[in-house]
Amino acid sequence: RSWLATLLVSCLKAYTSNASKPNILLMMADDLGLGDVGCYGNHTLRTPNIDQLAKDGMKFTQHIAAASLCTPSRAAFLTGRYPIRSGMASPTSQRVILWNGGSGGLPPNETTFARILQQQGYTTALIGKWHQGVNCEFHGDHCHHPLNHGFDYFYGMPATLVNECQGTENPQISPSLKAKYWLYSKTIALAVLTLVIGKLSNLLSVKWKAIICFALCGFVFFISWYSCYGFVKYWNCILMRNYDITEQPMKLERTASNVLKEAVSFIKRNKHGPFLLFVSFLHVHTPLVTTERFLGKSRHGLYGDNVEEMDWMVGRILDAVDKEGLTNNTFTYFTSDHGGSLEAQNHNVQLGGWNGIYKGGKGMGGWEGGIRVPGIIRWPGVLTADTVIDEPTSLMDIYPTVAHLAGGIMPQDRVVDGRNLMPLLQGTVQHSEHEFMFHYCGVYLHAVRWHQKDSGALWKAHFTTPIFQPEGAGACYRSGMCHCFGEDVTHHDPPLLFDLSRDPSESKPLSPSTEPLFDTVISRIERAVEEHRQTLTPVPQQLSGYNNVWKPWLQPCCGTFPFCWCDKEGDSD
């Protein structure tokens, strides 16, 4: 009897503890511009559900992504750390994970907020886009997979949408990458041929094992080059449920309904909570797959249709929460991973988002348009409704915030850059804990903002900016995306300085003659940069050239490679 009583008491304690913990619902759009949402000033696109979420909750006006591209931004969101700390910031021109068959991804030693909440008794799920890698060393090791990072359930796309998922028009696996793979293939083939001739003629003392290794490397680059032509749809455009591939290639026309169905089903199954549900929308990334119900209904073409469909999905998910009576016990958050893509076009038809008054967009390390994103939090009865917060906040802040709400403990053996938002949300403090924010483009520090709390000034210094093409165009239309280094950027000495509190569009750079505090501000920011760099430690580069090349032995395959195709979703209908 004593052991039974002890068991009942422990179960009661666990139930009471879990009952006091809120459910966590996180929703993230893909490539949504700040200016695309009604509550952020758009008067032509219809986003009633997101707008109502803001009215029922709190809206951030200075919500900042840690990177202006998908992979690094999402890595920072999941870990609360700048992507350079985890090796998810690229030293090359390829700044996102390109292939499901690559070896790079979110390192297994990183602790996501999902892992912390899982340890606190939460049932955790990711539905939608991952884009943080799959395998490390062999097919099926799943070292980067969501289930290896604290999620109990995963349904969605391990990579990201690209135009090749729909067809061959306007390919997004860049031509420069194809050319690079072809150059490497030819160079290695020539080297192997030279070694073979030297070996056979006894002119070179080289082992056959070394020659075979060179030949295998060349074969990998050749296959990667070959895969860029028509195979992207089969290698990257797949859907998974947990570790199993359900569609290869994915059927785009039903993906949105499947994602929505999975999200609603998870809420129903776990209504007794507590749960963490991260809905990572495939919207509004090109190729802007939109169901017939929304096609042609917006005033902004296919992109507008896609935005309005996503807003409808947000509404249906919130309806599911309300229907199960969970609204008052659910911490709900909505954002975008970074700003809208200005260069996304098709024959001069704009396929990317609008970033409002802010300069620049997706892929640009420092300009506000690439990193300032929507940020909305709702928790009825706990947070004051219809409130606007103008303090600087970060996507990385969600990590310590939800860890705090779950009663979890953050890792003590590493730097966490996010800050718990609850004191700011509940009004116990008036200012954000962020004094400095560092804006990277890959591994290159492009800009720094300084929130000078005593004066209210918000300084932003740009050390490096992209060179727009054509000049004055406001984006990099010729290259398709702005670069981080080399001859495509301008280095500023002294840095370009703006006061965002007076000039949020970054249109009027200050100078010593126009700003008496110019030298003082620059000196303080440069000192902060040095202090920040002292906190960085060397880590393996997950987006290195080797890690980001396609490897046949790592390719997720529904069948026997290379015959990879299946439709288990269709089989279950």
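Residue numbers count from 1 along this sequence.
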Tell me yes or no: between the side chains of [X] and [Y], is some donor less than 3.5 Å from an acceptor?
X      : Y      : answer
Thr464 : His446 : no
His434 : Arg419 : no
Thr47  : Asp51  : yes
His483 : Ser93  : no

Below 4.0 angstrom, N of the basic side chain to O of the carboxylate: do [X] and [Y] qualify?
X      : Y      : result
Lys297 : Glu309 : no
Arg85  : Glu110 : no
Lys362 : Asp31  : yes
Arg74  : Asp30  : yes
Lys251 : Glu247 : no

State the [atom1]-[atom2] distance between [X] and [Y], to the nearest 0.5 angstrom.
X      : Y      : atom1 : atom2 : result
Lys460 : Asp503 : NZ    : CG    : 10.5 Å
His492 : Leu497 : NE2   : CG    : 12.0 Å
Arg533 : Phe438 : CZ    : CZ    : 9.5 Å
Ile127 : Leu260 : CD1   : CG    : 9.5 Å
Tyr155 : Thr246 : OH    : OG1   : 4.5 Å
Leu458 : Asp499 : CG    : CG    : 7.0 Å

> How far apart are the C-alpha atoms of His439 and Trp367, what are their side-chain angles, what is the distance that settles it, and do they pass the ring pair (Phe, Tyr, Trp, His ring centres under 6.0 Å) test?
Replying inline: CA-CA 9 Å; His439 308 306; Trp367 294 121; over 10 Å; no

Fit a plane to each ring of [X] and [Y], take the angle between them on a 0 to 90° scale, and name the class: parallel (under 30°), tilted (30 to 60°) or perpendicular (over 60°).
X      : Y      : value
Phe113 : Phe77  : perpendicular
Phe154 : His145 : perpendicular
Tyr440 : His532 : tilted
Phe485 : Tyr444 : tilted
His283 : Phe281 : perpendicular

> Are Gln166 and Val289 close enough, and set up right, to give a side-chain contact (heavy atoms from CB on, under 4.5 Å), and what steps lead you there?
Replying inline: CA-CA 8 Å; Gln166 192 171 53; Val289 181; 4.3 Å; yes

Contact summary for [X] and [Y], nearest pair of heavy atoms:
X      : Y      : result
His144 : Gln542 : CE1-OE1, 3.9 Å
Met28  : Ser336 : CG-C, 4.1 Å
Thr291 : Glu253 : CG2-O, 4.1 Å
Ile376 : Phe60  : N-CD1, 4.4 Å
His285 : Cys70  : CD2-SG, 4.5 Å
Pro83  : Ala76  : CD-CB, 3.8 Å

>> Test side-chain contact (heavy atoms from CB on, under 4.5 Å) on Ile84 and Val539; report intermediate values, then the result.
In response: CA-CA 8 Å; Ile84 195 170; Val539 291; over 6 Å; no

> Passes salt bridge (Lys or Arg N to Asp or Glu O under 4.0 Å), Glu569 versus Arg254? Steps please.
Replying inline: CA-CA 10 Å; Glu569 295 291 334; Arg254 65 190 187 198; over 6 Å; no

Hey, is the main chain of [Y] close enough, under 3.5 Å, to the side chain of [X] for a donor-acceptor pair?
X      : Y      : result
Gln62  : Glu391 : no
His149 : Ala114 : no
Arg95  : Gly363 : yes
Asn306 : Tyr303 : no
Gln248 : Ile238 : no
Ser280 : Lys129 : yes
Thr335 : Pro374 : yes
Asn135 : Leu554 : yes
Trp312 : Gly315 : no
Asp337 : Leu69  : no

Do the side chains of [Y] and [X] get nearer than 4.5 Å, heavy atoms only?
X      : Y      : answer
Gln555 : Trp99  : no
Leu106 : Thr112 : yes
Trp354 : Leu45  : no
Met313 : Arg316 : no
Glu308 : His300 : no

> Does any pair with a residue in residues 472-487 pass salt bridge (Lys or Arg N to Asp or Glu O under 4.0 Å), and if so which ones, sequence neighbours excluded?
Replying inline: none

> Is the number of heavy atoms from other residues, nucleotides or ligands within 6.0 Å of CZ (Arg299) greater than 12?
Replying inline: no

> Quick check: are there more than 12 heavy atoms from other residues, nucleotides or ligands sitting under 6.0 Å from OH of Tyr184?
Replying inline: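 No.
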
>> With side-chain contact (heavy atoms from CB on, under 4.5 Å) as the test, pick out the partner of Met240 among Cys558, Pro158, Pro146.
In response: Pro158

>> Which residue is it: Asn346, Leu351, Asn163? I am looking for the one with a side-chain contact (heavy atoms from CB on, under 4.5 Å) to Pro287.
In response: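 Of all the options given, the one that passes is Asn163.
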
>> Going by the rule ring-ring contact (aromatic ring centres under 6.0 Å, His included), which residues pair with Phe463 if we only count those two or more places apart in sequence or in a different chain?
In response: none

> When you look at Leu252 and Leu161, which way does the side-chain contact (heavy atoms from CB on, under 4.5 Å) test go after all the steps?
Replying inline: CA-CA 10 Å; Leu252 298 179; Leu161 281 176; 3.9 Å; yes

> Where do Cys476 and Phe468 land on the side-chain contact (heavy atoms from CB on, under 4.5 Å) test, with the steps shown first?
Replying inline: CA-CA 5 Å; Cys476 301; Phe468 293 145; 4.2 Å; yes

> Regarding Lys59 and the six-membered ring of Phe334, is the cationic atom NZ or CZ under 6.0 Å from the ring centre and inside 45° of its axis?
Replying inline: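 Geometry flag: not set, cation outside 6.0 Å or 45°.
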
>> Could you go through Cys441 and Cys482, starting from their C-alpha distance and side-chain angles, then the distance that decides it, and tell me whether this counts as disulfide bond (SG atoms under 2.5 Å apart)?
In response: CA-CA 10 Å; Cys441 189; Cys482 292; over 6 Å; no

